[in-house]
Protein chains: 2
Amino acid sequence: MDIRKKIGLRIKEYRTNLQLTQEALAFKAEIDKTYVNEVENGKRNISVINLEKLIFALEISLREFFNSEAFDGGLTK
Amino acid sequence: MDIRKKIGLRIKEYRTNLQLTQEALAFKAEIDKTYVNEVENGKRNISVINLEKLIFALEISLREFFNSEAFDGGLTK
DNA sequence: ATGTAGACTGCTGTCGACA
DNA sequence: GTGTCGACAGCAGTCTACA
């Protein structure tokens, strides 16, 4: 599976846990809401600075975000 | 510390462990060598697709790459 | 509330040359 | 082997509007 999809799924997972809407998360992370939507759907190749902003808004650390079997393997391509 | 610097340091750490030159790593990851240099020095905001390529070339997983105290805190800005 | 589309700006990422 | 400097194409990221 594409790295973008893995990241999108994981963001959605934490977002719904917090019961935030995409719009609310976008506002909290100070990122455009249409962009958050496309990132969640694996359509965008997000940069680390904006990824960090999103993950921080999800109230976790980068370490926790990537601490999943989904990010174990090699290249997903 | 800036997230870009943290990532750059970590890449350098694993690269030197493998005794690869920046050029060799760039070749292995199929990324421009000048770009690898600037990423290592925290000057570039790398995207997840190219970060994954680099980390794969370092023979580790994303999970392992971010599994460090450096990536624990909140926003580094 | 989610998702798509279009148009736009600025930066990511490439490449050649050089100290 | 490392790092910088242009110059460049293409895409990341913003914004408005709509179903």
Side-chain angles (χ1 to χ4, degrees), chain A residues 1-62 65-66 70-71 74-77, chain B residues 1-62 65-66 70-71 74-77:
Chain A
M1 179 165 48
D2 193 307
I3 177 75
R4 292 171 298 182
K5 288 227 163 119
K6 288 187 192 170
I7 288 177
L9 287 174
R10 195 121 172 100
I11 288 175
K12 187 168 201 164
E13 180 187 336
Y14 278 100
R15 177 176 65 78
T16 50
N17 272 354
L18 286 181
Q19 298 187 39
L20 287 173
T21 65
Q22 288 180 354
E23 207 167 357
L25 175 60
F27 178 77
K28 203 172 168 189
E30 297 181 314
I31 291 181
D32 197 80
K33 89 175 175 62
T34 66
Y35 194 69
V36 171
N37 179 4
E38 289 171 357
V39 168
E40 269 198 9
N41 290 312
K43 295 177 181 169
R44 290 285 197 149
N45 178 24
I46 196 174
S47 70
V48 290
I49 287 186
N50 280 309
L51 180 59
E52 189 192 28
K53 282 202 220 165
L54 269 178
I55 293 177
F56 179 66
L58 291 171
E59 297 172 17
I60 54 176
S61 66
L62 278 161
F65 184 83
F66 284 103
F71 301 111
L75 253 202
T76 44
K77 217 158 223 177
Chain B
M1 181 165 44
D2 194 306
I3 176 75
R4 292 171 298 182
K5 288 226 164 120
K6 288 187 192 171
I7 288 177
L9 287 174
R10 195 120 172 102
I11 288 175
K12 187 168 202 164
E13 179 187 338
Y14 278 100
R15 177 176 65 79
T16 49
N17 272 354
L18 285 180
Q19 298 187 37
L20 287 173
T21 66
Q22 288 180 353
E23 207 167 359
L25 175 61
F27 178 77
K28 203 172 167 190
E30 296 179 316
I31 291 181
D32 196 81
K33 88 173 175 61
T34 66
Y35 194 69
V36 170
N37 180 3
E38 290 171 356
V39 168
E40 270 198 6
N41 289 312
K43 295 178 181 167
R44 291 284 198 150
N45 177 24
I46 195 173
S47 70
V48 290
I49 288 187
N50 280 310
L51 179 60
E52 189 193 26
K53 281 202 220 166
L54 270 178
I55 293 177
F56 180 66
L58 292 171
E59 297 171 19
I60 54 175
S61 66
L62 278 161
F65 184 82
F66 284 103
F71 301 111
L75 253 201
T76 45
K77 220 157 220 179

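Chain letters run A, B, ... following the sequence lines, proteins first, then strands; residues in each count from 1.
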| task | Round to a whole Å and report the spacing from CZ of A/Arg15 to C1' of C/dG3. | result | 12 Å
| task | For B/Lys12 and D/dT2, give me the distance from atom NZ to atom P, rounded to whole Å. | result | 8 Å
| query | Any side-chain heavy-atom pair from B/Gln22 and B/Arg15 closer than 4.5 angstrom? | reply | yes
| message | Can you confirm whether A/Phe65 sits close enough to A/Ile11 that some side-chain heavy atom of one is under 4.5 Å from a side-chain heavy atom of the other? | response | yes
| message | Rounded at 0.5 Å granularity, tell me how far CG in B/Leu9 sits from CD in B/Glu40. | response | 9.0 Å
| said: So B/Ile3 and B/Phe71, do their side chains get closer than 4.5 Å, heavy atoms only? | reply: yes
| Nearest non-hydrogen partners of A/Ala24 and A/Leu20, listed with the distance | CB-CD2, 4.0 Å
| task | Sugar-phosphate means primed atoms, P, OP1 and OP2; the rest is base. With that split, encode nucleotides 4-19 of chain C 5' to 3' as B, S or - using protein heavy atoms under 4.0 Å. | result | BB------BBBBB---
| Taking atom P of C/dA1 as reference, at what distance in whole Å does atom CG of A/Leu25 sit? | 14 Å
